[in-house]
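Below is one structure, written out as structure tokens, with a few remarks after it.
The figures that follow rest on heavy atoms only: side chains count, while hydrogens, waters and symmetry mates do not. So you know, we letter chains A, B, ... as the sequences are listed, proteins then strands, and number each from 1.
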2 protein chains.
Amino acid sequence: MITIKDIAKLAGVSYSTVSKALNDDPAIKPATKQKVLAVAEKHQYRKNMLARQLSTGRSNIIGFVLDELSNPLFSNISGRLHTELKKRGYQMILVVADDGVDVFSQLRVDGCILWDYALDNREMFWKKFATLNMPCFVLGTDEAPNSPYIKIDRKEGLFKAVEHLKSLGHSRIGFIGNSQHVKLEGYREALQRTGLAFNEDHVLPAHSSWEDGYFAIRNHAFGADSPTAFIGLNNLVTRGALRALLEAGYSVPRDISLIGYDDLPDMQYAEVALTTIGPSLDELAVQAAELIVSLIRDEQVDVPVVIQPKLNLRNSTAMCRQ
Amino acid sequence: MITIKDIAKLAGVSYSTVSKALNDDPAIKPATKQKVLAVAEKHQYRKNMLARQLSTGRSNIIGFVLDELSNPLFSNISGRLHTELKKRGYQMILVVADDGVDVFSQLRVDGCILWDYALDNREMFWKKFATLNMPCFVLGTDEAPNSPYIKIDRKEGLFKAVEHLKSLGHSRIGFIGNSQHVKLEGYREALQRTGLAFNEDHVLPAHSSWEDGYFAIRNHAFGADSPTAFIGLNNLVTRGALRALLEAGYSVPRDISLIGYDDLPDMQYAEVALTTIGPSLDELAVQAAELIVSLIRDEQVDVPVVIQPKLNLRNSTAMCRQ
DNA sequence: CTGAAAGCGCTTACAG
DNA sequence: CTGAAAGCGCTTACAG
């Protein structure tokens, strides 16, 4: 590996001059800079970032802790966040949750973002996270103790979904999924705000996977009192539920309306293009990138940042047939 | 940030002793080690990996260059690879292709893996890759100049698919997708090996996305001479094609059989559980992890490693109705 | 078994 | 405008 000293020798200057030339130090005479850059170029010199980082104390890397990669939502967000961070001069490294925080405390990234979607051991993470002693925040949570965070106002999202369904004449609106307290709570409050009755039987148990959604519908005993519309907990659950509804012979949206949480591009590729609620993923990525950069620069920030989910109309909701 | 020197002071030993204790150097007296570890623990000492890396020249990080995150195949493989590398004591960082190689040459990872699925500018990548001057290999390619690689024998996979369909009585077997030379070639050769005729019209143009597969079928003029079975280029194309077939009123597999390339877990969640061909993703991840570790250790390796795709029977293929 | 010292490849006041 | 020197936080022969 060729180093700054080699370049110095070849260019006939001191190595501190090389360092300055490479870093665009204005104190360096243009001619000298040219010469140094030419030599560096010629010998394919690559700065050793490790050494630079050790010296400056900064790595220009931001860590992103993810629960898992299997939900399309996560990979989608990772991709967008990567793009936004790159625009701002940072590299992003992805680490899977089970060891994410530890890794960052070792790697000394400049900052880190914890995606708090449905972490199993959330408490433990928050605790570790708070001791991390570097700029970091929690993304997509409802609230976080001891950390700045970007909140997605999921309750408001659910309100929009319920409101939309009610405006189509639905009065028995079900919810598929019981693993996320905030969404379930949002669903209940939305019913209340719109003057609809809450019915325990209209909440179908499902955790987070496609199968969960699928079996939630399959195991539901449909009857005269069953919902005429459902809201799915997330993209996977909703798609699983849609499949089960179709297999059971229901037409969506003619017989039953369906709204899915998460506005992923591929929600429109479902058998019936799905109406969704969810935050704009682009907005999420932009806000996340800006917040972490501000935190690193120790700028004044207004936290929590709150992002409002939107209703995205497609073909899976229709007027309720009485 | 607390350093090795702080610990040394607190424990009443020299900082080189602290370093050794922390690294499990057998020359250190157990009692001393205990003491040091206790102090380190008490003060939440975290080793600065940057400094260690600078000193040892190794980072214990492996870079994985990906084309994109949007194809479920890629995120799936990333997840598995991460797991396998972790078992072997390495961190994995993911970088998106457009700047991946440059990043690694700066970050000085210990090794890197290039996922060569359908890179647009493959030539450029290979070239950069070869100059990288660190252990690295190309994963999933058919062949690579100047680098070790893990080959997926896609031609053999296509042969298995064609053979299976022929055994079910199909003689007009179509292929959806024309963006991957190797697969297309494999398809042609498989027809030849099984004694079936190649028909230009049975190759439907599609690049790689869900929509590509969907529109390939929609735009196909079905007639008496049309294929009674199709093989889809990848997971997305196949699922898009399936949707289009169903929408056009064909029953799969009663009217038309369909086999998809890529054995992702969710291929079974398609409207009809899809019969697939493709390498075992677990095997792929294990082989990749072992190869990079061997390369880093400068061990003797047998390259290329060749992985054989398998046929995974589900419900999308059936006897051809004459 | 322990410690002093050199070195990893940079950056950055500081002196000239 | 340029260079000598100290320092970033570790590891690792080497001496004792």
Side-chain angles (χ1 to χ4, degrees), chain A residues 1-37 39-40 43-61 89 91 103-110 133-134, chain B residues 1-40 43-61 89 91 104-110 133-134:
Chain A
M1 288 276 91
I2 175 161
T3 76
I4 213 173
K5 288 187 183 170
D6 301 320
I7 303 296
K9 204 162 297 172
L10 291 161
V13 296
S14 75
Y15 66 86
S16 40
T17 299
V18 173
S19 174
K20 286 169 191 157
L22 258 22
N23 287 313
D24 253 349
D25 187 321
I28 299 295
K29 190 165 56 172
T32 313
K33 188 186 294 186
Q34 290 308 318
K35 189 171 53 178
V36 171
L37 292 182
V39 175
H43 292 79
Q44 294 202 62
Y45 169 75
R46 306 263 164 198
K47 193 180 293 191
N48 183 332
M49 297 308 268
L50 248 38
R52 161 178 241 256
Q53 290 159 30
L54 182 60
S55 175
T56 61
R58 316 191 338 92
S59 67
N60 274 84
I61 298 178
Q91 263 325 116
V103 169
F104 295 151
S105 67
Q106 288 211 327
L107 274 187
R108 309 280 173 108
V109 294
D110 283 358
N133 204 15
M134 65 171 72
Chain B
M1 286 279 88
I2 175 160
T3 76
I4 213 173
K5 288 187 183 169
D6 301 321
I7 302 296
K9 203 163 298 170
L10 291 161
V13 296
S14 74
Y15 65 87
S16 38
T17 298
V18 172
S19 173
K20 285 168 194 159
L22 257 24
N23 288 312
D24 251 348
D25 187 323
I28 300 294
K29 190 165 56 175
T32 313
K33 190 186 295 185
Q34 291 307 319
K35 188 172 51 179
V36 171
L37 292 182
V39 175
H43 293 80
Q44 295 203 61
Y45 168 75
R46 306 266 165 197
K47 191 180 293 188
N48 182 332
M49 296 310 268
L50 250 38
R52 162 178 241 256
Q53 290 157 31
L54 182 60
S55 176
T56 61
R58 315 189 340 92
S59 67
N60 275 82
I61 298 177
Q91 263 324 116
F104 294 149
S105 67
Q106 290 209 329
L107 274 187
R108 310 278 172 111
V109 293
D110 283 358
N133 205 15
M134 65 170 72

Going through the distances and angles, do A:R52 and A:N23 end up as a side chain to side chain contact (heavy atoms under 4.5 Å, CB included)?
-> CA-CA 11 Å; A:R52 161 178 241 256; A:N23 287 313; 3.3 Å; yes
Are any of A:Y45's side-chain N or O atoms less than 4.0 Å away from OP1 or OP2 of C:dC10?
->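 Checking C:dC10 against A:Y45, a side-chain N or O does come within under 4.0 Å of OP1 or OP2.
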Quick one: is B:T17 getting a side-chain N or O under 4.0 Å of the C:dG3 phosphate, OP1 or OP2?
->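 Yes.
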Do you know the tightest heavy-atom contact between A:N60 and A:G89?
->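 Nearest pair, atom of A:N60 first, then A:G89: ND2-O, 3.2 Å.
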Looking only at heavy atoms, which two atoms of A:I7 and A:Y45 are closest? And how far apart?
->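 Here A:I7 and A:Y45 meet closest at CD1-CB, 3.9 Å.
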For B:Y15, side chain to side chain contact (heavy atoms under 4.5 Å, CB included) partners two or more places apart =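 Side chain to side chain contact (heavy atoms under 4.5 Å, CB included) check on B:Y15 returns B:I4, B:K5, B:A8.
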Quick one: list whatever passes side chain to side chain contact (heavy atoms under 4.5 Å, CB included) with B:K35, sequence neighbours left out.
->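 Per chain and number, B:K35 pairs via side chain to side chain contact (heavy atoms under 4.5 Å, CB included) with B:V13.
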Yes or no on side chain to side chain contact (heavy atoms under 4.5 Å, CB included) for B:L22 and B:S19, after CA distance, side-chain angles and deciding distance?
-> CA-CA 5 Å; B:L22 257 24; B:S19 173; 5.8 Å; no
In whole angstroms, how far is the [atom2] atom of [N] from the [atom1] atom of [X]?
X	N	atom1	atom2	value
A:N48	D:dC8	CG	C1'	13 Å
A:R58	D:dG9	CZ	P	16 Å
A:K9	D:dA4	NZ	P	13 Å
A:Q53	C:dC8	CD	P	18 Å
A:I7	C:dT11	CD1	P	13 Å
B:D25	C:dC1	CG	C1'	10 Å
A:L54	D:dG9	CG	P	7 Å
B:K5	D:dA6	NZ	P	14 Å

Map A:I4 and B:G12 onto DNA chain C by nearest heavy atom, then report which one ends up closer to the 5' terminus.
->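 The 5'-side residue here is B:G12.
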Which comes earlier along DNA chain C counting from the 5' end, the contact point of B:P26 or that of A:L22, where each point is its nearest nucleotide?
->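 On the 5' side of the pair lies B:P26.
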Rounded to the nearest 0.5 Å, how far apart are CZ of B:R58 and CG of B:D110?
->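 The distance works out to 5.0 Å.
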Point-to-point distance, once rounded to the nearest 0.5 Å, from CD of A:Q53 to CG of A:N48 =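 So the CD of A:Q53 and the CG of A:N48 are separated by 8.5 Å.
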What stems, by residue range, does DNA chain D take part in, given at least 3 consecutive Watson-Crick or G-U pairs under 3.5 Å?
->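 Ordered by first number, the stems with DNA chain D (at least 3 consecutive pairs each) read C:1-3 with D:14-16, C:5-12 with D:5-12, C:14-16 with D:1-3.
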For residues [X] and [Y], determine if any side-chain heavy atom of one lies less than 4.5 Å from a side-chain heavy atom of the other.
X	Y	answer
A:Q44	A:I2	no
B:D6	B:T3	yes
B:M134	B:V109	yes

Counting only non-hydrogen atoms, which of residues 28-35 of chain B are less than 4.0 Å from DNA chain C?
->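 Of all residues in residues 28-35 of chain B, the ones placing a heavy atom under 4.0 Å from DNA chain C are B:I28, B:K29, B:T32.
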Pairwise salt bridge (charged side-chain N to carboxylate O under 4.0 Å, His left out) hits with a residue in residues 12-31 of chain B, at least two apart =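 Applying salt bridge (charged side-chain N to carboxylate O under 4.0 Å, His left out) to every pair that reaches into residues 12-31 of chain B, excluding sequence neighbours, yields B:D24-B:K33.
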Pairwise N/O distances under 3.5 Å, protein to nucleotides 12-16 of chain D:
from, atom 1, to, atom 2, distance (Å)
D:dA13, N6, B:K20, NZ, 3.4

